[in-house]
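First up is the structure itself, then whatever we jot down about it.
So that the names make sense, note that chain A is the first sequence line, chain B the second, and so on, each numbered from 1. Just so you know, these numbers come straight off a predicted model, no measurement behind them. Note: hydrogens, waters and symmetry copies are ignored here, and every other heavy atom, side chains too, is used.
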Protein chains: 2
Amino acid sequence: MNLTVAEENYIKAIFHLQQAEGNVSTNQLAASLHTKPASVTDMLKKLTNKNLLNYKPYQGVRLSKEGKKQALMIVRRHRLWEFFLVDKLQFGWDEVHEVAEELEHVSSKKLVEKLDSFLGHPKFDPHGDPIPDVHGNMVAIRQFNLIDIQPGTLVEVCSVGSQSAELLELLRHKNIGISTEMLIMKKFDFDHSVEIKIKNSQHINISQQLAQALFVKLV
Amino acid sequence: MNLTVAEENYIKAIFHLQQAEGNVSTNQLAASLHTKPASVTDMLKKLTNKNLLNYKPYQGVRLSKEGKKQALMIVRRHRLWEFFLVDKLQFGWDEVHEVAEELEHVSSKKLVEKLDSFLGHPKFDPHGDPIPDVHGNMVAIRQFNLIDIQPGTLVEVCSVGSQSAELLELLRHKNIGISTEMLIMKKFDFDHSVEIKIKNSQHINISQQLAQALFVKLV
DNA sequence: AATTATTTTTAGACAAATCTAAATAAATTA
DNA sequence: TAATTTATTTAGATTTGTCTAAAAATAATT
């Protein structure tokens, strides 16, 4: 099953839209892909012939089993590259999307698996979205960057943004690890640092850089 | 100047062919790109309109100044990605070409420059071909991988394949550095190690891994 | 120099992905 | 329910990059 760039973009857009809504409409897709409804109809027919979609005219569309499998692999590539760009190339997490849109279409199986190993099999991308594994499995819950959490919220650390020795050293020093629970106390505008309180411990301050490297879930 | 993948592939092919020969013929290009002469003629007209080529019907073609500039940036991306694949993702140097063919078309300026920094501004790709810098300048001489040199040859170290601490430690220990001259004595089939003699020093043995990381020129 | 062979270009067609404009189906509202 | 609005599909055209077959230019050979 070899897909063109255009086909992959349709599959990915349908995947994301059908998470929220049920069946995805032609107009929704056209808006999402910055194209016209007539073009969408054409492509839906084509992808239906390839058994990637369940599509009935006027009834909207959903991914077939095979379509979902393809979508998960595209999302996997996209999020792995986003992680690479932030963790290795020092991109800001807000400037990686467009570049990852291009890299995701390089589909060498070997490249993707070696990249995954090189990155240390990350579970979440820099936005906190889960990265599907090689079989398409991924964590269901949405994780948040600590920097985005409002004061007063109780959260639990789920994963860290990189595996660098420097980060791990700092985490050990602050006694923060996976599944550490913490209450967000205050955010300081001056340096974007965050004051937190770890269960049965004192208040500590976390720098912007560290907060951006911590992914948490609400408890 | 935004080029399509097809256009970039033509520019790159012309660049490589005009190194060897003078003007590049339609048939040569068709063979090199696995396409038909008629298709080549069409594309040559198109690229000529974009001022990337100097082309006269029946007279063959050469890159214009702007075309050469574009070609050098494509080659730069290709070789940087090849270096990345071998040095970071542990690909064999003989299996990177096809993947790099795809990655080279991702043309984000920022991506390429950050990748270059991340890799330590390498001067040669894993095949010993020079990597053009951001201005299109590159070393003229062809370098060779030490592993490919025949016994009896006198060579001089020009660059090393990576900047890892582990490699640098080993080189220091063996007293090998840039511009070290060495005579290749013997190659062992069992482990692909190489016996060399450094000027004014004793014979030493170099492992396959180390030999692959050393780039030399003939003296 | 005339003929033959090779190379290159032109002419016309095709698939992929898109578009506009018109037609049709579905949903909404009076 | 009928009329109207909105959503979707069809029909036909366009662009990009390719192709085959035929024509034209160049090169090689007798």
Side-chain angles (χ1 to χ4, degrees), chain A residues 1-14 17-18 20-63 67 70-71 74 101-102 104-105 107, chain B residues 1-15 17-18 20-63 67 70-71 74 101-102 104-107:
Chain A
M1 182 63 57
N2 250 356
L3 301 180
T4 66
V5 170
E7 288 170 337
E8 287 194 345
N9 284 333
Y10 273 85
I11 294 288
K12 192 173 52 134
I14 296 167
L17 289 171
Q18 80 176 24
E21 337 263 330
N23 277 24
V24 179
S25 76
T26 303
N27 265 5
Q28 274 181 303
L29 267 170
S32 162
L33 290 162
H34 305 108
T35 182
K36 295 284 140 49
S39 311
V40 172
T41 302
D42 287 347
M43 184 59 101
L44 293 185
K45 286 189 207 158
K46 200 172 145 211
L47 293 174
T48 301
N49 280 337
K50 292 194 172 191
N51 292 312
L52 295 166
L53 302 182
N54 296 126
Y55 162 68
K56 296 247 172 59
Y58 296 102
Q59 304 301 131
V61 73
R62 312 211 85 212
L63 293 173
Q70 294 290 333
I74 300 165
E101 288 283 87
E102 292 196 61
E104 74 189 1
H105 300 298
S107 60
Chain B
M1 182 64 56
N2 251 357
L3 301 179
T4 66
V5 170
E7 288 170 338
E8 287 193 347
N9 284 334
Y10 273 86
I11 294 289
K12 192 173 51 136
I14 296 167
F15 176 82
L17 288 172
Q18 79 175 28
E21 338 263 328
N23 277 24
V24 180
S25 76
T26 303
N27 265 5
Q28 275 181 301
L29 267 171
S32 161
L33 291 162
H34 306 107
T35 183
K36 297 283 141 50
S39 310
V40 172
T41 302
D42 287 347
M43 185 59 101
L44 293 185
K45 285 189 206 156
K46 198 172 146 213
L47 292 174
T48 301
N49 280 337
K50 292 194 173 192
N51 293 310
L52 295 165
L53 303 181
N54 295 126
Y55 162 68
K56 295 248 173 58
Y58 297 101
Q59 302 301 132
V61 73
R62 312 211 85 211
L63 292 174
Q70 294 290 332
I74 300 165
E101 289 280 88
E102 293 196 60
E104 75 189 2
H105 300 298
V106 179
S107 59

Atom of [X], atom of [Y] and distance for their closest heavy-atom approach:
X: A/G67; Y: A/I11; value: O-CG2, 3.7 Å
X: B/L63; Y: B/A71; value: CD1-CB, 3.9 Å
X: B/L29; Y: B/A13; value: CD2-CB, 3.8 Å

Problem - Side chains of A/K12 and A/Q70 in contact at under 4.5 Å (non-hydrogen atoms) - result: no
Practice task
Would you indicate whether the side-chain heavy atoms of A/N23 and A/V61 approach each other to under 4.5 Å?
Solution key: no
Problem - Sole residue of B/L52, B/T35, B/L3 in side chain to side chain contact (heavy atoms under 4.5 Å, CB included) with B/Y10 - result: B/T35
Fill in the blank from the handout: Regarding the side chain of B/K45, the nearest nucleotide among C/dT10, D/dT8, C/dT18 is C/dT10
Write down the distance between [atom1] ([X]) and [atom2] ([N]), rounded to a whole number of angstrom.
X: B/N9; N: D/dT18; atom1: CG; atom2: C1'; result: 14 Å
X: B/K56; N: C/dT9; atom1: NZ; atom2: C1'; result: 17 Å
X: B/L44; N: C/dT7; atom1: CG; atom2: C1'; result: 14 Å
X: A/E7; N: C/dA16; atom1: CD; atom2: P; result: 9 Å

Handout entry: Residues touching DNA chain C, which here means a heavy atom under 4.0 Å, drawn from residues 23-38 of chain A
Key = A/T35, A/K36, A/A38
Practice task
Would you indicate, yes or no, if D/dT18 has its OP1 or OP2 atom less than 4.0 angstrom from a side-chain nitrogen or oxygen of B/S39?
Solution key: no
Practice task
Using a cut-off of strictly less than 4.0 Å, decide whether B/Y10 has a side-chain nitrogen or oxygen near OP1 or OP2 of D/dT18.
Solution key: yes
Handout entry: Residues that B/K50 engages under salt bridge (charged side-chain N to carboxylate O under 4.0 Å, His left out), provided they are two or more places apart
Key = B/E7
Can you give me the N/O atom pairs linking the protein to nucleotides 22-28 of chain D at distances under 3.5 Å, or say none if there are none?
{"unit_1": "D/dA25", "atom_1": "O4'", "unit_2": "B/Y58", "atom_2": "OH", "d": "3.4"}

